[in-house]
Amino acid sequence: MTFFDKIRGEFIDIVEWLDDSRDTLVWRFPRHENEIKMGAQLVVRESQVAVFVNEGQIADAFAPGTYTLETRNLPILSTLKGWKYGFHSPFKAEVYFASTRRFADFKWGTQNPIMVRDAEFGPVRLRAFGAYAARVIDARALLRELAGTDPQFRTEEVEGYLRQMVVGRLAHALATAGVPLLDLAARQHEMGQRLAEALTADLAGVGIAIPTFTIENISLPPEVERAMDKRSQMGIVGDLGQYARFQAAEALENAGGAGEGMGLGMGIAAGRQMAAALAPQSRPDTRQGPPPLPGAGPWYLGVDGEQRGPFDAAGLAAAGLTPGALVWRAGMPQWTPARDVPDLAPLLRDTPPPLPPS
């Protein structure tokens, strides 16, 4: 303290704190050699508490208001100093102002995933983050346990301690809440209130309360999110048998243009394959007859670069079937000469060969 500060202290008789920092929890009133005049004015504003400390021992505390400092207003300090009668000389004492307003800019997050056991998905790792507010509810306890003799105790000095308390409590709360993963989003507000109450009880010994606690997000591992997306898709699809028939109908509708006949056959084949894959999951319909025999599908004939059909076996012979004509039906990978298709051998025996060139 400079010489001018010492001289100024001889004339100042108002003890007060005008906080312009927005992040100070405790502030010590500066006075040369801690001398305070008896009869000085103590001004404690709303959201403040003033605490007098004499020789390292906490004495009197003052709530918001304006006080004239004298022996009757300082009962504990008067007892400590042995004042039995009126005393008008300066006395030595440290004055600490504690801010009791709400500090709402604290953030929290889980550095490591929290393992919980879900009844539907089994063991799952969760991450979460959010914000919370803190306020001083017992200035004496805060001075004893955290602030000590720090002339300006800021929020950054206690933030790490509070974050550890928050994450520790959150891990226990999530692990024992018994809330299904699918319901966590709907229960975040309720869980935040419960955590605020639990943290306030834990921090009562250091004079701090947690009035609000907010869970902004709870995230799941990517593989669990993908599994939940699959389950949602299955719920939207509903009956798998109907879905298979719908897919087959779309395949038929989209198979158009020059290759309409080929697309029709491929669509039918795709529909049969999907129905066969889903058959164990569908209930058999006893009202329907047996499926058609293999190889009983319609035939298509290629003549002079033109697709004709569909035909049954008799119609195929009448349409001009020759050994070199190209044929196709569902199940064949490509158009094939009739002579290379064993099923058409009986028809080719009755078909005359092509005329020799003239």
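Sequential numbering from 1 along the given sequence is applied to the chain's residues.
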If you measure from the Lys or Arg side-chain nitrogens to the Asp or Glu carboxylate oxygens, is any gap between [X] and [Y] under 4.0 Å?
{"X": "E197", "Y": "R169", "result": "no"}
{"X": "D19", "Y": "R45", "result": "no"}
{"X": "R187", "Y": "E190", "result": "yes"}
{"X": "K37", "Y": "D13", "result": "no"}

More than 12 foreign heavy atoms under 6.0 Å from [atom1] of [X]: is that the case here?
{"X": "E55", "atom1": "CD", "result": "no"}
{"X": "E223", "atom1": "CD", "result": "yes"}
{"X": "R101", "atom1": "CZ", "result": "yes"}

| query | Got a sec, which pairs hit ring-ring contact (aromatic ring centres under 6.0 Å, His included) with one end in residues 181-201, sequence neighbours left out? | reply | none
| task | Compute the ring centroids of F52 and F62, then answer whether they are less than 6.0 Å apart. | result | yes
| Side-chain contact, heavy-atom cut-off 4.5 Å: M115 with P123? | yes
| said: Is there a side-chain contact between I208 and I137 in this structure, where contact means two heavy atoms from C-beta onward sitting under 4.5 Å apart? | reply: no
| Any side-chain donor-acceptor pair under 3.5 Å between E159 and Y161? | no
| query | Between Q41 and T68, does any side-chain donor sit less than 3.5 Å from a side-chain acceptor? | reply | yes
| query | Once the angle between the rings of Y132 and F213 is folded into 0 to 90°, is it parallel (under 30°), tilted (30 to 60°) or perpendicular (over 60°)? | reply | parallel
| Relative to the ring of W27, is the ring of W17 parallel (under 30°), tilted (30 to 60°) or perpendicular (over 60°)? | parallel
Kindly give the heavy-atom pair with the smallest separation between [X] and [Y], and that separation in Å.
{"X": "A128", "Y": "L170", "result": "CB-CD2, 4.2 Å"}
{"X": "R140", "Y": "D60", "result": "NH2-C, 4.2 Å"}
{"X": "A196", "Y": "P211", "result": "CB-O, 4.4 Å"}

Are [X] and [Y] grouped together when hydrophobic residues (ILVMFWY) are joined by side-chain heavy atoms under 4.5 angstrom apart?
{"X": "V124", "Y": "F129", "answer": "no"}
{"X": "L348", "Y": "W335", "answer": "yes"}
{"X": "I210", "Y": "V167", "answer": "no"}
{"X": "M165", "Y": "F103", "answer": "yes"}
{"X": "F106", "Y": "L203", "answer": "yes"}

